[in-house]
Amino acid sequence: TLIDSSASILQSFEAAFTKSGVTAQKPFTQEVIGPPLMPTLRTLSGSDDPELLQTLAAAFKAEYDTHAYQAATVFAGIESFLKRLQQHGLQMYIATNKRILPTSKIMQHLQWAQYFQGVYALDYFTPPVASKKDMVRNIMALHGLTPEATLFVGDRIEDGLAAEGNGLDFAMVTWGYLDDTQGEMAEHWQHFSTPAALADRVLAEAS
C-alpha cells in the first residue's frame, strides 16, 4: 500500500531459486507478491517438502535482507499523504506480511519512523501470529484502538477480511497490488485510486 516492493521481492525469489538449484513451477510475476513468504514458496516450487522450502526461504532472506530491500520504491503521492495525516495528528500503524527484520530496514532506509506509532509483522509477535486478522487484533489491543475510531487501509482481499474480522471500516486502494481473485469485495468497502483522495476522506471524517 505504501511501497512498490516488486523489484526487490522478484529479485530475491529469482536469486533464491537460482542459488538453490531449484526450477520454479510458476513465473516470477506480480501475482506472487503480497502473501507471506512460505505459502508463496510452496506455490512457486510446487512442493511441500519442508527441507526444500527452508532452503529456499533462507536463500530468499539472505538476498532480500542484505541489499534487495533497497530496490523498493515509494508509490507516487505517499510521502505527501503521510505528511498530511501526521500534521493533523492522526496515529498510523503498519501491519504487513513482510518479516519484521526487512520491514525495519526499509523503514530506516526511507526514514519513515517519524510517521508511525508502530510497525508490525506476523513474526513481530512471539509466537508469530497466523493471520493478518490476528495481527490487527493484537495491534488494536496493544494501542487501545477502538473499531469506531480506526480505519484499515489495504490493497488485497485479505486486508479487507482482516478489517471485517476486527469490526473495522476498510479502504481498498487500487494503486498497489489489488487482488480480487481471493474472494468477493464487500459492497460497503470504500475504494480509492490515489493517496490524495484517501487523505481527503480520512481528514474529512476525522475533523
A.B. asks: Pair Ile3, Ile78 - check side-chain contact (heavy atoms from CB on, under 4.5 Å), show working.
C.D. replies: CA-CA 8 Å; Ile3 62 174; Ile78 288 297; over 6 Å; no

A.B. asks: For the residue pair Lys61 / Ser12, report whether a side-chain donor-acceptor contact shorter than 3.5 Å exists.
C.D. replies: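 No, Lys61 and Ser12 have no side-chain donor paired with an acceptor closer than 3.5 Å.
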
A.B. asks: At their closest point, which heavy atom of Gln11 faces which heavy atom of Ala68, and how far apart are they?
C.D. replies: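 Here Gln11 and Ala68 meet closest at NE2-CB, 3.6 Å.
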
A.B. asks: For Phe13, give me all partners under ring-ring contact (aromatic ring centres under 6.0 Å, His included), at least two apart in sequence or on another chain.
C.D. replies: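 Phe60.
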
A.B. asks: Under 3.5 Å, side-chain donor or acceptor atoms of residues 100-108 against the rest of the protein: list the pairs with distances, not counting sequence neighbours.
C.D. replies:
residue : atom : partner : partner atom : Å
Thr103  : OG1  : Arg99   : O            : 2.7
Ser104  : OG   : Ile100  : O            : 2.9
Lys105  : NZ   : Asp65   : O            : 2.7

A.B. asks: Just to verify, what does Arg42 make a salt bridge (charged side-chain N to carboxylate O under 4.0 Å, His left out) with, not counting sequence neighbours?
C.D. replies: none

A.B. asks: With sequence neighbours excluded, tell me which residues meet side-chain contact (heavy atoms from CB on, under 4.5 Å) with Thr43.
C.D. replies: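 For Thr43 the side-chain contact (heavy atoms from CB on, under 4.5 Å) partners, ignoring immediate neighbours, are Lys26.
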
A.B. asks: Find the distance between CG (Leu2) and CZ (Phe75) and round it off to the nearest 0.5 Å.
C.D. replies: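 Between atom CG of Leu2 and atom CZ of Phe75 there are 8.5 Å.
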
A.B. asks: Enter the distance from Glu187:CD to Met185:CE here, rounded to the nearest 0.5 Å.
C.D. replies: 12.5 Å

A.B. asks: Do Ser8 and Tyr64 come close enough that some side-chain heavy atom pair is under 4.5 Å?
C.D. replies: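 They are in contact (side-chain heavy atoms under 4.5 Å apart), so the answer is yes.
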
A.B. asks: Just jot down the side-chain contact (heavy atoms from CB on, under 4.5 Å) partners of Ala62, sequence neighbours excluded, or say none.
C.D. replies: none

A.B. asks: If the condition is side-chain contact (heavy atoms from CB on, under 4.5 Å), which residues does Glu205 pass it with, not counting sequence neighbours?
C.D. replies: Gln190, Arg201

A.B. asks: Within this structure, what is the CG-CG distance for the pair Leu145 and Asn166, rounded to the nearest 0.5 Å?
C.D. replies: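 Going from the CG atom of Leu145 to the CG atom of Asn166 covers 10.5 Å.
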
A.B. asks: Does Ser80 reach the main-chain N or O of Gly77 with its side chain, forming a donor-acceptor pair under 3.5 Å?
C.D. replies: yes

A.B. asks: Starting at CG of Asp155, measure out to CD1 of Ile33 and round the result to the nearest 0.5 Å.
C.D. replies: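 CD1 of Ile33 is found 10.5 Å from CG of Asp155.
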
A.B. asks: Please list, chain by chain and in numerical order, all residues satisfying side chain to side chain donor-acceptor pair (under 3.5 Å) with Thr146, sequence neighbours excluded.
C.D. replies: none

A.B. asks: For Glu79, does the CD atom have more than 12 heavy-atom neighbours from other residues, nucleotides or ligands under 6.0 Å away?
C.D. replies: yes

A.B. asks: May I ask you to test the Lys132-Thr96 pair for a side-chain heavy-atom distance under 4.5 Å?
C.D. replies: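 No, every pair of side-chain atoms sits at 4.5 Å or beyond.
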
A.B. asks: One pair to check against side-chain hydrogen bond (donor to acceptor under 3.5 Å, both in side chains): Ser47 and Asp49. What are the steps and the verdict?
C.D. replies: CA-CA 6 Å; Ser47 173; Asp49 179 18; 5.0 Å; no

A.B. asks: So does Glu148 have more than 12 non-hydrogen atoms from other groups sitting under 6.0 Å from CD?
C.D. replies: yes

A.B. asks: Tell me the closest heavy-atom pair linking Pro36 and Leu122, and the distance in Å.
C.D. replies: CG-CD1, 3.9 Å

A.B. asks: Does Leu10 reach the side chain of Val32, with side-chain heavy atoms less than 4.5 Å apart?
C.D. replies: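 Leu10 vs Val32: side chains touch.
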
A.B. asks: Can you see which heavy atom on Ala162 is nearest to which on Val136, and at what distance?
C.D. replies: CB-CG2, 4.4 Å

A.B. asks: When rounded to the nearest 0.5 angstrom, what distance separates CZ in Phe17 from CD in Gln25?
C.D. replies: 8.5 Å

A.B. asks: Got a sec, which residues hit side-chain contact (heavy atoms from CB on, under 4.5 Å) with Ser207, two or more places apart in sequence or on another chain?
C.D. replies: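 side-chain contact (heavy atoms from CB on, under 4.5 Å) check on Ser207 returns nothing, list empty.
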
A.B. asks: Please report the shortest heavy-atom distance between Ala171 and Leu198, naming the atom on each side.
C.D. replies: CB-CD1, 4.1 Å

A.B. asks: Would you call Arg137 and Asp134 a salt bridge, taking side-chain N to carboxylate O under 4.0 Å as the test?
C.D. replies: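 Counted as a salt bridge, because a side-chain N and a carboxylate O are separated by less than 4.0 Å.
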
A.B. asks: Between Met135 and Ala121, which heavy-atom pair has the shortest distance, and what is it?
C.D. replies: SD-C, 3.4 Å

A.B. asks: Show me the pairs that pass side-chain hydrogen bond (donor to acceptor under 3.5 Å, both in side chains) and involve residues 67-76, at least two apart or across chains.
C.D. replies: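 Residue pairs passing side-chain hydrogen bond (donor to acceptor under 3.5 Å, both in side chains), neighbours aside: Glu63-His67.
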
A.B. asks: Measure the CZ-CG distance between Phe152 and Leu161 for me, rounded to the nearest 0.5 Å.
C.D. replies: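 It is 10.0 Å, given to the nearest 0.5 Å.
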
A.B. asks: When you measure from the side chain of Trp175 to the backbone of Thr1, do you find a donor-acceptor pair of N or O atoms at a distance under 3.5 Å?
C.D. replies: yes

A.B. asks: Can you tell me which residue pairs pass the side-chain hydrogen bond (donor to acceptor under 3.5 Å, both in side chains) test with a partner in residues 117-128, sequence neighbours excluded?
C.D. replies: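 Counting only pairs at least two positions apart or across chains, the side-chain hydrogen bond (donor to acceptor under 3.5 Å, both in side chains) contacts touching residues 117-128 are Tyr120-His143.
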
A.B. asks: When you compare the side chain of Ser131 with that of Lys133, does any pair of heavy atoms fall below 4.5 Å?
C.D. replies: yes

A.B. asks: Which pair of non-hydrogen atoms, one from Ala57 and one from Leu37, has the smallest distance, and what is that distance?
C.D. replies: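 Nearest pair, atom of Ala57 first, then Leu37: CB-CD2, 4.2 Å.
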
A.B. asks: For residues 87-95, which side-chain donor-acceptor pairs fall under 3.5 Å, sequence neighbours excluded?
C.D. replies:
residue : atom : partner : partner atom : Å
His88   : ND1  : Arg84   : O            : 2.9
Gln91   : OE1  : Tyr93   : OH           : 2.6

A.B. asks: Output every pair passing ring-ring contact (aromatic ring centres under 6.0 Å, His included) with a member in residues 184-206, not counting sequence neighbours, ordered by first then second residue.
C.D. replies: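 Sorted pair list: Phe170-Trp189.
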
A.B. asks: Could you check Leu168 against Leu151 for side-chain contact (heavy atoms from CB on, under 4.5 Å), going step by step and ending with a plain yes or no?
C.D. replies: CA-CA 6 Å; Leu168 301 179; Leu151 174 69; over 6 Å; no

